[in-house]
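The structure appears right after this line, and notes come after that.
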Protein chains: 2
Amino acid sequence: MAVAHRPKDPQRREKIIAATLDVIAEHGISGTTHRRIAAAAEVPLGSMTYYFTGLEELLTEAFMLLATTTSARYVEILDAATTRAEAREAMVEIITGDIWETPRTLTLSYELYAFSIKNERVREVIRHWMSQSRVAIGRHFDPMTTYALDAAIEGLTIHRSFQPEITLDMVREIVDRLTRNDAPTASL
Amino acid sequence: MAVAHRPKDPQRREKIIAATLDVIAEHGISGTTHRRIAAAAEVPLGSMTYYFTGLEELLTEAFMLLATTTSARYVEILDAATTRAEAREAMVEIITGDIWETPRTLTLSYELYAFSIKNERVREVIRHWMSQSRVAIGRHFDPMTTYALDAAIEGLTIHRSFQPEITLDMVREIVDRLTRNDAPTASL
DNA sequence: CCGATAGGTGTACGCTTGTACACCTCACGG
DNA sequence: CCGTGAGGTGTACAAGCGTACACCTATCGG
């Protein structure tokens, strides 16, 4: 009984998941097919059903990757802040910074929300993302303010992508207003 | 030369557009097909290509209907307010009120945003919706505050749908903070 | 050096899709 | 009462889809 024949490419799965995000970003979920993903990941079509039960599972895993990656970026930016002023500026950076420079992340978010309607597990992923994000914000602000800021990221990001006239200074002013009545917490 | 044979059902087009929104709400754009729309509108398949050039046109028109309808509702609620306090309460109602009671409108919004990535005309529809909405809000608040409130509708609506613990009072508090430094305009 | 077997893939199947268009219906001018 | 043409539809077609699985490949214990 031979054991033999190790996987040639142990990263195959991850490569496919990453490629899935690329395909969604470019074609939307309705244009995302096994064949296109296989082409993007440069793997044979057969690998799709070998590594994943179906398209739905693949999409779900892809969105988990998106949430993890983006969420980690939030945490990174917020944890770098040590003063209240820095924390405010960190919020401004999250809203206006390079995460959303490319339309990619924003596009993927839209598809994520749309997909979440049909998939409870993805809804869970979103809730987890939001909660992670609240933990990071909550290190600097009280709970009430934290909810407000978290929602502000969402709203301002979206609106800025359609209305570029919303300047950096306006975002700063909005963050200021939202944090003005904050009851400072222990913080770090 | 006969003139003859008037359309049996002059509302056909509108009926199809309305049915399209229903199908999108239930199945998402990726599950929206000519056949399903035809079934929902109780119209033969042939009517699809008779009244609309293609699926894309149909989706575009459907989203125009969504924008018009929802936007009109905003205006209605905001125009009913005559004092500053009422205007603030109107904002709270828009964010927490019956527009979003059913997941329908929110679901459709997600699909709208996702679709806008691929369709310039729909992006234009969104910009128009936002601008209408800003006009209505702007009757009560200064421009800067208006942008903030408009974005707050978006962010809070979305976040509340995932985090029901965001209460009405929290929304009120957030609207308060955003409008506190407002430089009152002439208003009505 | 030779099975045996884990790992991986090419191909083919049944189905659904968007779309076009040949055809049908029937109100009306003559 | 008939012929005409505007209005509308059933049907058929090619393309593309998800998915399953028979088959191939290459390693390694013996």
Side-chain angles (χ1 to χ4, degrees), chain A residues 1-63 111 114-115 118-119 121-122, chain B residues 1-63 111 114-115 118-119 121-122:
Chain A
M1 59 170 87
V3 179
H5 203 42
R6 291 288 144 58
K8 291 181 188 174
D9 181 1
Q11 324 269 38
R12 235 325 179 272
R13 239 187 96 91
E14 283 64 32
K15 206 163 114 186
I16 293 172
I17 295 172
T20 303
L21 280 185
D22 291 341
V23 174
I24 298 173
E26 193 176 337
H27 301 281
I29 286 188
S30 56
T32 297
T33 66
H34 274 141
R35 278 159 241 259
R36 267 212 258 254
I37 296 167
E42 297 181 282
V43 303
L45 179 58
S47 286
M48 294 298 118
T49 43
Y50 181 74
Y51 288 102
F52 302 91
T53 309
L55 205 47
E56 179 124 348
E57 185 194 341
L58 194 36
L59 291 171
T60 306
E61 298 238 26
F63 282 128
E111 297 288 348
F115 187 65
K118 300 198 276 184
N119 188 299
R121 210 153 129 241
V122 166
Chain B
M1 52 161 93
V3 177
H5 204 43
R6 291 288 144 59
K8 290 181 189 174
D9 182 1
Q11 324 269 39
R12 245 295 195 282
R13 240 187 95 91
E14 283 64 32
K15 206 163 113 185
I16 293 172
I17 295 172
T20 303
L21 280 185
D22 292 339
V23 174
I24 299 173
E26 193 176 337
H27 302 280
I29 286 188
S30 56
T32 298
T33 67
H34 275 140
R35 278 160 243 259
R36 266 211 258 254
I37 297 167
E42 297 181 282
V43 141
L45 179 59
S47 286
M48 293 298 118
T49 42
Y50 181 74
Y51 289 102
F52 303 91
T53 309
L55 204 48
E56 178 126 349
E57 185 195 342
L58 194 36
L59 291 171
T60 306
E61 298 238 26
F63 282 128
E111 298 288 347
F115 187 65
K118 299 197 275 184
N119 188 299
R121 212 154 128 242
V122 166

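Letters A, B, ... mirror the listed sequences (proteins, then strands); counts begin at 1. Everything numeric here is computed off the predicted structure, so don't read it as measured data. Below, all heavy atoms of this structure are taken into account, side chains as well, without hydrogens, waters or symmetry copies.
Qualifying side chain to side chain donor-acceptor pair (under 3.5 Å) partners for B/E56, counting only residues two or more places apart in sequence or in other chains: B/N119. For B/R121, there are no side chain to side chain donor-acceptor pair (under 3.5 Å) partners, not counting sequence neighbours. Judged as a salt bridge (Lys or Arg N to Asp or Glu O under 4.0 Å), and not counting sequence neighbours, A/R35 has no contacts. Not a single side chain to side chain donor-acceptor pair (under 3.5 Å) links B/R36 to another residue, sequence neighbours left out.
Between B/H27 atom NE2 and C/dT16 atom P there is a gap of 14 Å when expressed in whole angstrom units. If you take OH of B/Y50 and P of C/dA22, they are 16 Å apart, rounded to a whole angstrom.
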Quiz prompt | Sugar-phosphate or base contact per nucleotide [nucleotides 12-19 of chain D; S, B, -; heavy atom under 4.0 Å] | solution = -----BBB

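For the side-chain hydrogen bond (donor to acceptor under 3.5 Å, both in side chains) condition, the pairs that include at least one residue of residues 14-28 of chain B, sequence neighbours left out, are B/D22-B/R104.
Between B/Y51 and D/dG8 there is a side-chain N or O to OP1 or OP2 distance below 4.0 Å. Contact annotation: A/S47 side-chain N/O to C/dT9 OP1/OP2 distance is under 4.0 Å.
Closest of all the heavy-atom pairs between B/A19 and B/I37 is CB-O, 4.2 Å.
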